[in-house]
Amino acid sequence: MAYWLMKSEPDVFSIDDLKRKKKEAWDGVRNFQARNYLRSMAVGDQVLFYHSSCAVPGIVGKAKVSKPAFPDPTQFNPDSDYYDPTSPPDNPRWSAVEVAFVSKLKAPLTLDELKTIEALSSMPLVKRGNRLSVMPVSSAEWAAIAARTAS
DNA sequence: GCCAACGTTGGC
DNA sequence: GCCAACGTTGGC
């Protein structure tokens, strides 16, 4: 069982959206490193849900992986923002997973706060200029975050 | 809205 | 295979 952190813009898809829908395909990832992380996920892996590009970026809830990686259908959909005409149908370039809602935090653990936690100092998340939208979380990092959150 | 940082593309 | 240009991410 592994831990992950996944970013989403709340204007596009928020923790409240996931809570309401229970499950959601996590598609649209178009970065090779993030894609490789998606492909290494297993059902039951735990996920920190992070809101990015918003007034108060931070961890807002938890989810878990409910389906392992499958070809991201949006890459073959010409009407999708994520359409990728260069992806070979017999060897799809992009993957998605399905995640299920677990909990919403009573209060977000803000990026400002995350930056002050020594145990998290090597996470790409807290590094300036970081753009990785899916990243692994170590058990020590998970524990440090869990110690500061209530759901 | 701005801009720094980064990944990707494409010319050579 | 290098690297400049470009587009995107994401904090502020």
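Model, not experiment: these values are computed from the prediction. In what follows, chains carry the letters A, B, and so on, assigned in the order in which the sequence lines appear, proteins first and then strands, with residues in each chain numbered from 1.
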(request) Send over the distance from A:N31 CG to B:dA5 P, rounded to a whole Å. (result)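 After rounding, the gap between these two atoms is 19 Å.
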
(request) Take the protein atom CZ of A:R128 and the nucleotide atom P of C:dG11, then report the distance between them rounded to whole Å. (result)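 About 12 Å, once rounded to whole Å.
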
Grab the N/O contacts between the protein and nucleotides 7-9 of chain C below 3.5 Å, and write none if there aren't any.
unit_1	atom_1	unit_2	atom_2	d
C:dG7	N2	A:R131	NH1	3.1
C:dG7	N2	A:R131	NH2	3.4
C:dT8	O2	A:R131	NH1	3.2
C:dT8	O2	A:R131	NH2	2.9
C:dT9	O4'	A:R131	NE	3.3

Side-chain polar contacts of residues 37-44 of chain A - donor-acceptor pairs under 3.5 angstrom, sequence neighbours left out - could you list them?
unit_1	atom_1	unit_2	atom_2	d
A:R39	NE	A:S95	OG	2.8
A:R39	NH2	A:P92	O	3.3
A:R39	NH2	A:R93	O	3.1
A:R39	NH2	A:S95	OG	3.4
A:S40	OG	A:Y37	O	2.9

(request) Indicate, with a heavy-atom threshold strictly under 4.0 Å, whether A:K115 touches base, sugar-phosphate, or nothing. (result)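 Since only primed, P, OP1 and OP2 atoms lie under 4.0 Å of A:K115, the category is sugar-phosphate.
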
Donor-acceptor pairs under 3.5 angstrom involving side-chain atoms of residues 111-126 of chain A: please list them, not counting sequence neighbours.
unit_1	atom_1	unit_2	atom_2	d
A:T116	OG1	A:E113	O	2.6
A:S121	OG	A:E118	O	2.9

(request) List in chain and number order the residues that pass side chain to side chain donor-acceptor pair (under 3.5 Å) with A:D16, two or more places apart in sequence or in another chain; answer none if no residue qualifies. (result)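 A:D16 satisfies side chain to side chain donor-acceptor pair (under 3.5 Å) with A:K104 only.
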
Going by atom type alone, with no hydrogens or angles, which donor-acceptor pairs under 3.5 Å involve a side-chain atom of residues 57-73 of chain A and a protein atom two or more places apart or on another chain?
unit_1	atom_1	unit_2	atom_2	d
A:S66	OG	A:E98	O	3.1
A:S66	OG	A:E98	OE1	2.7
A:D72	OD1	A:T74	N	2.9
A:D72	OD1	A:T74	OG1	2.7
A:D72	OD2	A:G28	N	2.8
A:D72	OD2	A:R30	NH1	2.9
A:D72	OD2	A:R30	NH2	3.4
A:D72	OD2	A:T74	OG1	3.2

(message) Does anything in residues 3-13 of chain A form a salt bridge (Lys or Arg N to Asp or Glu O under 4.0 Å)? List the pairs, not counting sequence neighbours.
(response)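 Counting only pairs at least two positions apart or across chains, no salt bridge (Lys or Arg N to Asp or Glu O under 4.0 Å) contact touches residues 3-13 of chain A.
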
